[in-house]
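A quick write-up on the structure given underneath.
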Amino acid sequence: MLQIQAVLRTEKEMEWWLSMPKVELHAHLNGSIRDSTLLEVARTLGEKGIIDFSDVEHVIMKNDRSLREVFKLFDLIHILTTDHATVTRIAKEVIEDFAAENVVYLELRTTPKRNDSIGMSKRSYMEAVLKGLKAVSSVDIAFIPYNEDATSLIRSLPTNVECNGATRKKIYVRLLLSIDRRETTTAAMETVMLALEMRHLGVVGIDLSGNPVVGEWITYLPALKFAKEQGLCVTLHCGEVPNPKEIQEMLDFLPQRIGHACYFQKEDWEKLKSSNIPVEICLTSNIRTASIQSIEVHHFVDLYKEKHPLVLCTDDSGVFSTSLSKEYKYAASSFGLGKMEMFELAKNAIEYIFADGSVKNDLRAIFASETKKLN
Ligand code: 6MZ
């Protein structure tokens, strides 16, 4: 009996985190795939004799992974997902999953991939992603800026309205193109050029990611500088491993946001705080990969106390078996924060999005109407 009550309490508690509007700013497409989809794709490739399904199944279902193992998993995921149809499918599903838990604004990042053997270019990869966005039908999605049809659709529907008896959710989606640390300067520049060409389709910025022990960040500096000059926003994975020189140089670059900030030293915190660069915080990812030894010593606490701009994110909800609602619940219980404080935290994230002011205004209105319901 007591056990049943505890389960019901936990479910009710989770409902609150699920229903709260949220803003997701650090989610990698290929890290956010449903396990069921990965397994299905792997089974199909196994039947064709391309991979050994039982080996792959074991790797996909493993729960605890070091940072090194995470990047080995990404190599496997990319073998499974890099054809146009699968890219379209995962893009659609990932957006539907975020919308289902009331993420009202999603900045989804992905690395445009070139694979000559299957006729894939960085552009055709991104076209496949966009096809996935267009295929979303279970929720209302606005991803094309300045498009009358899209904005009128989204504006005409307040959040989570009753529509033909069913509750429809809505989500704004913008895209960031990632540069992988394995790439060359030329390939990085190609990604930036592509981002510029796809601005009218909702691409708002550039991300530098990939295995943090691979490559030198200055390889990408020309492309990142160019992106900034052209008005694209830039976010960098920064301090995911100890690398004091790189961390200082990245902060000097003044990106619009950074992700992680795990291995910062005193002078790095000082620079970060004086420049007020918002930090994308990925709690479960940092703990699972042991980039941070335990949740009690996570830098969230200090940044939150100091009111430094920060936003809770999932990083790779598929790889780390998490969701944005779970990240909010995790933060609240770990750091003793109340629901209203977490609601404010989610709302503040609006100020750090890369989309334009009109989207910010719409999001502020969504949070304002939720505030009224809460009071
Ligand atoms: C650094 C990461 C990452 O781009 O193929 N990625 N880079 N640190 C992390 N923390 C664990 N998680 C994901 O998504 C997968 C790619 O995102 C980057 C890696 O480059 C990975 O290959 P896309 O959609």
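Start at 1 and go down the list; that is how both ligands and their atoms are numbered.
Ion pairing of Glu127 with Lys134 is absent here, as no side-chain N (NZ or NE/NH1/NH2) approaches a carboxylate O to less than 4.0 Å. Classification of Glu107 and Arg174 as a salt-bridged pair fails, no side-chain N sitting under 4.0 Å from a carboxylate O. Using a cut-off of 4.0 Å between Lys/Arg side-chain N and Asp/Glu carboxylate O, Arg257 and Glu280 are scored as salt-bridged. Under the 4.0 Å criterion applied to side-chain N and carboxylate O atoms, Glu101 and Lys169 are not assigned as salt-bridge partners. Classification of Glu183 and Arg114 as a salt-bridged pair fails, no side-chain N sitting under 4.0 Å from a carboxylate O.
Ligand 1 has a nitrogen or oxygen under 3.5 angstrom from a nitrogen or oxygen of His78. Not one N or O of Arg182 is nearer than 3.5 Å to an N or O of ligand 1, by distance alone. At under 3.5 Å, not a single nitrogen or oxygen of Thr289, backbone or side chain, sits near a nitrogen or oxygen of ligand 1. Backbone and side-chain nitrogen or oxygen atoms of Ser178 are examined, and none is located within less than 3.5 angstrom of a nitrogen or oxygen of ligand 1. Between Gly210 and ligand 1, an N or O atom pair is found at a separation short of 3.5 Å.
With respect to atom 11 (C) of ligand 1, the closest heavy atom belonging to the protein is Asp315 OD2, 3.4 Å. The single protein non-hydrogen atom nearest to atom 6 (N) of ligand 1 is His28 CE1, 3.4 Å, given as residue, atom name and distance. When only non-hydrogen protein atoms are considered, atom 4 (O) of ligand 1 lies nearest to Thr111 OG1, 2.5 Å. Considering only non-hydrogen protein atoms, atom 10 (N) of ligand 1 sits nearest to Glu240 OE2, 2.8 Å.
Assignment of Arg181 to the shell around ligand 1 is not supported, since no heavy atom sits closer than 4.0 Å. Ligand 1 has at least one atom lying under 4.0 Å from a heavy atom of Asp316.
Side-chain contact of Asp315 with His26: a donor-acceptor pair under 3.5 Å is present, judged by distance alone. Between the side chains of Thr37 and Asp35, no donor N or O sits under 3.5 Å from an acceptor N or O.
Residue Asp180 has at least one heavy-atom neighbour below 4.0 Å for each of these atoms of ligand 1: 20 (O). Numbered from 1 in the order shown, with element, the atoms of ligand 1 that lie under 4.0 Å from a heavy atom of Leu29 read 24 (O). Against a heavy-atom cut-off of under 4.0 Å, Thr110 is close to the following atoms of ligand 1: 4 (O), 23 (P), 24 (O). Counting atoms of ligand 1 from 1 in the listed order, those under 4.0 Å from a heavy atom of His237 are 1 (C), 7 (N), 8 (N). Less than 4.0 angstrom separates some heavy atom of Asn30 from each of these atoms of ligand 1: 5 (O), 14 (O), 15 (C), 23 (P), 24 (O). Close approach to Lys113 involves these atoms of ligand 1, each under 4.0 Å from a residue heavy atom: 4 (O), 5 (O), 23 (P).
Aromatic ring centroids of Tyr172 and Phe143 lie 6.0 Å or more apart.
A search for side chain to side chain donor-acceptor pair (under 3.5 Å) contacts involving Lys266 returns Glu270, not counting sequence neighbours. For Trp269, the ring-ring contact (aromatic ring centres under 6.0 Å, His included) partners at least two apart in sequence or on another chain are Phe264, His299.
Looking only at side-chain heavy atoms (C-beta outward), Pro212 and Leu67 come within less than 4.5 Å of each other.
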